[in-house]
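Note that the coordinates shown come from a computational prediction; the quantities given were computed from them, not determined experimentally. Position 1 is the first residue of the sequence, and the numbers go up from there.
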Amino acid sequence: MRTDFQITCDPPFARLRLSGELDLMTVDRLQDLLDQTDLAGCTVVEVDLEGVTFIDARSLGLLDRHQRRLAASGGGLVVVAASPCHVRVSELAGYENLHPGPGTRRRLTLVRDRPLSSEGV
């Protein structure tokens, strides 16, 4: 299955929409996107995981570390939407902090309607 990564940066905010499988084959691309948000000066990152069909522990750990690092510097990474797959796997792995919060309203709006890169993963 193809994995799509869409990103917009409007510092201090970044918005990521991820769909497909997040696994060993895509974790480096996810790391690159999170690094791009840092370099752009984005301290608040909203993540839409509603289209995720598979996520592994390495990807969850990466999101968790980025969330903790941003929180330590006064920012944050917030999951605004998540697929049932993401919710279940993150729950089993102990990453409930990566669930959409109660009352989280979907606010994710992308400026670009295509992936940042034309290469599919």
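Annotation: side chain to side chain donor-acceptor pair (under 3.5 Å) contacts of Arg68 (sequence neighbours excluded): Asp64. Shown here are the side chain to side chain contact (heavy atoms under 4.5 Å, CB included) partners of Asp23, two or more places apart in sequence or in another chain: Glu21, Met25, Thr26, Phe54, Asp56. Annotation: side chain to side chain contact (heavy atoms under 4.5 Å, CB included) contacts of Val27 (sequence neighbours excluded): Arg58, Ser59, Leu62. Qualifying side chain to side chain donor-acceptor pair (under 3.5 Å) partners for Thr37, counting only residues two or more places apart in sequence or in other chains: none. A search for side chain to side chain contact (heavy atoms under 4.5 Å, CB included) contacts involving Ala93 returns Leu60, Tyr95, not counting sequence neighbours. Looking at residues two or more places apart in sequence or on another chain, you find no side chain to side chain donor-acceptor pair (under 3.5 Å) involving Asp28. For Arg65, there are no side chain to side chain donor-acceptor pair (under 3.5 Å) partners, not counting sequence neighbours.
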Mind running side chain to side chain donor-acceptor pair (under 3.5 Å) on Gln36 and Asp32 for me, showing each step along the way?
CA-CA 6 Å; Gln36 285 179 25; Asp32 290 345; over 6 Å; no
I'd like to know whether Val79 forms a side chain to side chain contact (heavy atoms under 4.5 Å, CB included) with His99, so could you lay out the CA-CA distance, the side-chain angles of the two residues, the decisive distance to 0.1 Å, and finally the verdict.
CA-CA 6 Å; Val79 175; His99 290 183; over 6 Å; no
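Among Thr3, Asp4, Ile55, Leu30, the one residue that satisfies the side-chain contact (heavy atoms from CB on, under 4.5 Å) test with Leu18 is Leu30. Screening Leu16, Ile7, Leu39 against Leu34 for a side-chain contact (heavy atoms from CB on, under 4.5 Å) leaves a single residue, Leu16.
Distance CG/Leu63 to CG/Leu49: 6.5 Å, rounded to 0.5 Å. The OG atom of Ser19 lies 6.5 Å from the CD atom of Gln6; values are rounded to the nearest 0.5 Å.
Evaluation of the side chain to side chain donor-acceptor pair (under 3.5 Å) test over residues 69-88, restricted to residues two or more places apart or in two chains, returns Asp38-Arg69, His66-Arg69, Arg88-Glu91.
Judged purely by atom type and a 3.5 angstrom limit, Gln67 uses its side chain to pair as donor or acceptor with the backbone of Asn97.
Pro11 and Ala40 make their closest contact through CG-O, 3.1 Å (heavy atoms, listed as atom of the first residue, atom of the second, distance).
Residues Arg15 and Asp48 have side chains not in contact (no heavy-atom distance under 4.5 Å, counting atoms from C-beta outward). Side-chain contact check for Pro12 versus Cys42: every heavy-atom pair is 4.5 Å or farther apart. At a threshold of 4.5 Å between non-hydrogen side-chain atoms, the residues Val45 and Leu70 count as touching. With a 4.5 Å cut-off on side-chain heavy atoms, Leu77 and Leu98 count as touching. At a threshold of 4.5 Å between non-hydrogen side-chain atoms, the residues Asp10 and Thr8 do not count as touching.
Under a 4.5 Å side-chain heavy-atom cut-off, the cluster of Ile, Leu, Val, Met, Phe, Trp and Tyr residues that includes Phe13 is completed by Val44.
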